[in-house]
Amino acid sequence: MMIRVGLIGAGVMGSDHARILSTAVSGVELSAVSDPDVGRMAKIVEICQTARAFADPLDLIRDTTVDAVLVASPDQTHSALVLACLGIEKPLLCEKPLASSIEECLKVIDREQSLRRRLVTVGYMRRFDPGYVEMKRRLEGGELGAALVMHCVHRNVVAPSFMTAPMLITNSAVHEIDIARFVLGREVRRVTVVTPRKTGLANVQDPQIVLLEMDNGVIVDAEIFVNAQYGYDVRAELVCEKGTIALTPPHDVTVAHAASEGFAFPSDWRPRFALAYRAELQAWAEALRSGVPAGASASAWDGYVATAVAEAGLKSLASGQPTEVKLEPRPALYD
Ligand code: ISE
């Protein structure tokens, strides 16, 4: 039997998820959609005719034809929708970030713990990107020795007009925070945000360098540059004792033309992480069927940690000082 998914949010990510769910993921069908914009909802129903439109997302969550919920609405709405799902014990995948504050994340964790089972998955999709998966595998294989430094680059073409300086951390750098924890298998103990000369092509402080000090001394430096103009470009190189492991920019062909040779950068994260989004949603579909969360996927705990590290980053951005990360004890549910 198909698992019926209700989608909340039909913007950039929501409509991409709808497309992937209805064309590339087995075992699920999109049965409902909710978005304040009626036109956007209609577009989803057009491409996915099994979906019924709901004006109120809470009605969608409660509807008995919805077995699981995919939350892809604006960041500040996430935690209330997640709590509404947990209130009736409905499993969900919430786009990153889980919530906008540590307190809201902890409410989700408390609620999930009281249910004694994991119903929340957070959409940190890079955990399913073949490059990062291979980086983690090679590190754990041990042939390169211990990890020492991780260099990361996160560049967007142009940021939307509502992007503020703190959002470079809460909206973009959270991916670097999550993937560094995932690949290295360690927690972040201190964050420092350094602000280089600002680009003249944006009004906010852009770029920013986010330095993460892991609890075993590994340093992660992440350049976050959301108005880089030339293309969507995510890089990572892990420097180990006996060698390095670097992502190769994914592209199908290299074109030689007009005295140069190269490949095109995508314009945003959807094509760059297409395989990751698809694998993440397929893993979620299988987890919904089996009731066992996918090993690689981010839990509510991972969502909380990313937000806690990001909050330390915000303090460092404001003060210019290194800022300690203080985490709550990890509940057994997330072991
Ligand atoms: C966006 O919200 C995403 O999640 C993308 O993956 C990220 O690269 C981008 O910087 C964010 O704004």
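Numbering of ligands and ligand atoms starts at 1, following listing order. Side-chain atoms are counted along with the backbone in the values below, which use heavy atoms only and exclude waters and symmetry mates.
A donor-acceptor pair shorter than 3.5 Å cannot be found between the side chains of Arg52 and Ser31. Glu237 and His151 share no donor-acceptor pair across their side chains, judged by distance under 3.5 Å alone. No hydrogens or angles considered: a donor-acceptor pair under 3.5 Å links the side chains of Tyr132 and Arg126. For the residue pair Glu95 and His17, a side-chain donor N or O sits within less than 3.5 Å of a side-chain acceptor on the partner.
Given atom 6 (O) of ligand 1, the protein heavy atom at minimum distance is His175 NE2, 3.1 Å. Given atom 10 (O) of ligand 1, the protein heavy atom at minimum distance is Ser172 OG, 2.7 Å. For atom 7 (C) of ligand 1, the closest non-hydrogen atom on the protein side is His154 NE2, 3.4 Å. The nearest protein atom to atom 9 (C) of ligand 1, hydrogens excluded, is given as Asn156 ND2, 3.3 Å; this is a heavy-atom distance.
Ring-plane geometry between Tyr232 and His154 is classed as perpendicular, the angle between the planes exceeding 60 degrees on a 0 to 90 degree scale with a lower cut at 30. Below 30°, between 30° and 60°, or above 60°: for Tyr124 and His175 the angle between ring planes is above 60°, a perpendicular geometry.
Ligand 1 has no nitrogen or oxygen under 3.5 angstrom from a nitrogen or oxygen of Arg126.
At a heavy-atom cutoff of 4.0 Å, ligand 1 is contacted by the side chain of Tyr232 but not by its backbone. Of the heavy atoms in Asn171, both backbone and side-chain atoms come closer than 4.0 Å to ligand 1.
Screening Asn227, Thr199, Thr195, Asn156 against Asp206 for a side chain to side chain donor-acceptor pair (under 3.5 Å) leaves a single residue, Asn227.
Proximity of Met13 to ligand 1 is not established, as no heavy-atom distance is less than 4.0 Å.
Near Lys96, with a cut-off below 4.0 Å to any heavy atom, the atoms of ligand 1 are 1 (C), 2 (O), 3 (C), 4 (O).
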